[in-house]
Amino acid sequence: MNNNSAALAERIAQLKKEKDAVILAHYYTTPEVQAVADFLGDSLALSVKAKEIDSKIILFAGVHFMAETAKVLSPDKKVLIPNPEAGCSLAESCDAAEFAAFKAKYPDHLVVSYVNTTVGVKALTDICCTSSNALQVVESIPAEQPIIFAPDRNLGGYIKKLTGRDNMVLWDGACHVHEEFSLEKILELKKKYPAAKVVVHPECKAVVAAVADYVGSTAGILEYCGKVDATEFIVVTEAGILAEMRRKYPEKSFIPAPPIDSTCGCNECRYMKMVTLESIVACLENESPEIVMDEQTRKAAERSILNMIA
């Protein structure tokens, strides 16, 4: 952390104390942002933590739908987002009005939606899920019950393959980061690092998941890397996770998998990187931008999230 970053981090610590605020940060944010977070995690861990927090203010260092989820679970708290322009390509691939029309075509289907959706889609959902618990959620539903799974076609297809549920209809959405990983370049890395384990997020395409030693959420990938004997890993998910991997397992090597078209050698979410220390300082100083939603939508969305947590 350079001198400017250190000064900003000190100011953030001061503001958190003054404002009775906590910072939740996703693994895909920058290392500097992760360093000032009170809680670091994936969508499931942060969703649960948002519900447990006693502080008056929650600042969500992440993308918009994550801050919305925190507000849904903590309506009595002020929930801030440093950059409201930090959206999510996956959430944006599932418009609430279009999804409502899609849902109407399958009136007997139960709706399972990935947490990476807008609050409007969550309000149309029976049970939310994350990449950590999607399999458990689907398996908890009777086999004869048809399901709509939204919005990620790759995660939905992966769960459909694992469960063999032919009565699962998939919404056609995807994450721009995970959709763009190159199978050919991953296979090249496997030749270069033959002892390396390949760890893949289930939002990736099926052909990419097929070459994995492990497929799982960010939290699952972190756990796997710690418990296996391997010392090299080819990481096929957003590159922000590398900071936590290297912090937790400094004795191991982590090689970021590249996308199809890349000059940086890794694949990053442009939205997550929009959250900066400067934007966090401004957000805490002004207590704005704040997440605001109508109570009817919030309650409908809350039901689907609480069903997931249960």
Side-chain angles (χ1 to χ4, degrees), residues 24 26 41-53 57-60 62-81 84 86-142 145-153 155-156 159 167-173 175 271 289-310:
L24 307 183
H26 194 273
D42 64 0
S43 293
L44 177 59
L46 296 177
S47 295
V48 174
K49 185 55 66 177
K51 187 169 171 57
E52 296 173 349
I53 284 169
I57 294 176
I58 297 173
L59 184 145
F60 213 116
V63 295
H64 198 270
F65 81 80
M66 295 179 179
E68 281 187 336
T69 303
K71 183 62 177 181
V72 166
L73 294 172
S74 303
D76 55 330
K77 301 191 176 59
K78 182 175 282 190
V79 177
L80 308 176
I81 182 166
C88 169
S89 58
L90 180 54
E92 290 164 9
S93 73
C94 188
D95 174 78
E98 291 176 8
F99 186 67
F102 180 81
K103 178 183 174 181
K105 296 178 183 177
Y106 304 95
D108 60 338
H109 285 51
L110 195 76
V111 178
V112 176
S113 290
Y114 198 22
V115 75
N116 299 39
T117 50
T118 65
V119 68
V121 171
K122 287 184 178 73
L124 296 165
T125 296
D126 296 297
I127 311 174
C128 268
C129 72
T130 69
S131 52
S132 297
N133 65 20
L135 179 60
Q136 290 172 285
V137 167
V138 171
E139 287 183 335
S140 74
I141 299 167
Q145 171 62 56
I147 295 171
I148 294 173
F149 189 95
D152 192 277
R153 59 176 177 261
L155 175 61
I159 299 302
N167 59 352
M168 197 158 92
V169 179
L170 308 181
W171 176 269
D172 189 21
C175 161
Y271 298 111
E290 180 182 359
I291 299 292
V292 179
M293 66 186 65
D294 69 88
E295 184 62 8
Q296 183 178 354
T297 301
R298 189 201 69 78
K299 281 188 172 180
E302 181 182 41
R303 174 184 50 80
S304 66
I305 298 168
L306 293 179
N307 285 341
M308 173 189 72
I309 292 172

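Numbering starts at 1 and runs along the sequence shown. What you see is a predicted model; the values in this text were computed from it and never measured. Computed over heavy atoms, backbone and side chain alike; hydrogens, waters and symmetry mates excluded.
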task = Could I get the full list of side chain to side chain contact (heavy atoms under 4.5 Å, CB included) partners for A45, not counting sequence neighbours?
result = D42
Donor-acceptor under 3.5 Å (W171 side chain, G156 main chain) = no
ask   = Pairs in or reaching into residues 67-80: which pass salt bridge (Lys or Arg N to Asp or Glu O under 4.0 Å), with residues at least two apart or in two chains?
value = K78-E287
inquiry  = The criterion is side chain to side chain contact (heavy atoms under 4.5 Å, CB included); which residues satisfy it with D172, sequence neighbours excluded?
reply    = R153
ask   = Atom CZ of F149 and atom CG of L170: how far apart are they, to the nearest 0.5 Å?
value = 8.0 Å
ask   = If you measure from CG on L24 to OG1 on T69, what distance do you get to the nearest 0.5 Å?
value = 11.0 Å
List the atom pairs, donor and acceptor, that lie under 3.5 Å between side-chain atoms in residues 94-108 and the rest of the protein, sequence neighbours left out.
unit_1	atom_1	unit_2	atom_2	d
D95	OD2	A97	N	3.1
D95	OD2	E98	N	3.0
K103	NZ	L124	O	2.9

ask   = Can you name the closest pair of heavy atoms from G173 and S93 and give their distance?
value = CA-OG, 3.4 Å
ask   = Could you give all pairs that pass the salt bridge (Lys or Arg N to Asp or Glu O under 4.0 Å) test and reach residues 292-310, with sequence neighbours left out?
value = E295-R298, R298-E302
note = Heavy atoms of C128 and V137 approach each other most closely as O-CG2, 4.0 Å
Shortest non-hydrogen contact from V63 toward C88 = CG2-CB, 4.2 Å
request  = Name all residues meeting the side chain to side chain donor-acceptor pair (under 3.5 Å) criterion together with S89; count only those two or more places apart in sequence or in a different chain, and write none if there are none.
outcome  = H176
ask   = Considering residues at least two apart in sequence or located in another chain, which fulfil the side chain to side chain contact (heavy atoms under 4.5 Å, CB included) criterion with A301?
value = V72, V119, K122
task = Check side chain to side chain donor-acceptor pair (under 3.5 Å) between D126 and all other residues, then give those that pass, not counting sequence neighbours.
result = none
ask   = Among all residues two or more places apart in sequence or in another chain, which pass the side chain to side chain donor-acceptor pair (under 3.5 Å) test with S113?
value = T125
remark   = Separation between OG1 (T130) and OH (Y114), nearest 0.5 Å, reads 6.5 Å
query = Which distance, rounded to the nearest 0.5 Å, do you find between the SG of C129 and the CD1 of I305?
reply = 11.5 Å
message = Do I53 and S74 have side chains that approach each other closer than 4.5 Å (heavy atoms only, starting at C-beta)?
response = no
ask   = How far does CG of L73 sit from CG of L46, to the nearest 0.5 angstrom?
value = 11.5 Å
message = Any non-hydrogen side-chain atom of D152 less than 4.5 Å from a side-chain atom of N116?
response = no
request  = Kindly compute the distance separating CZ (F65) from OH (Y271), expressed to the nearest 0.5 Å.
outcome  = 12.5 Å
query = For I141, which residues count as a side chain to side chain contact (heavy atoms under 4.5 Å, CB included) partner, sequence neighbours excluded?
reply = L110, V112, I127, Q145, I147, R165
task = Work out which heavy atom in I291 is nearest to a heavy atom in A67; give both atom names and the distance.
result = CG1-CB, 3.7 Å
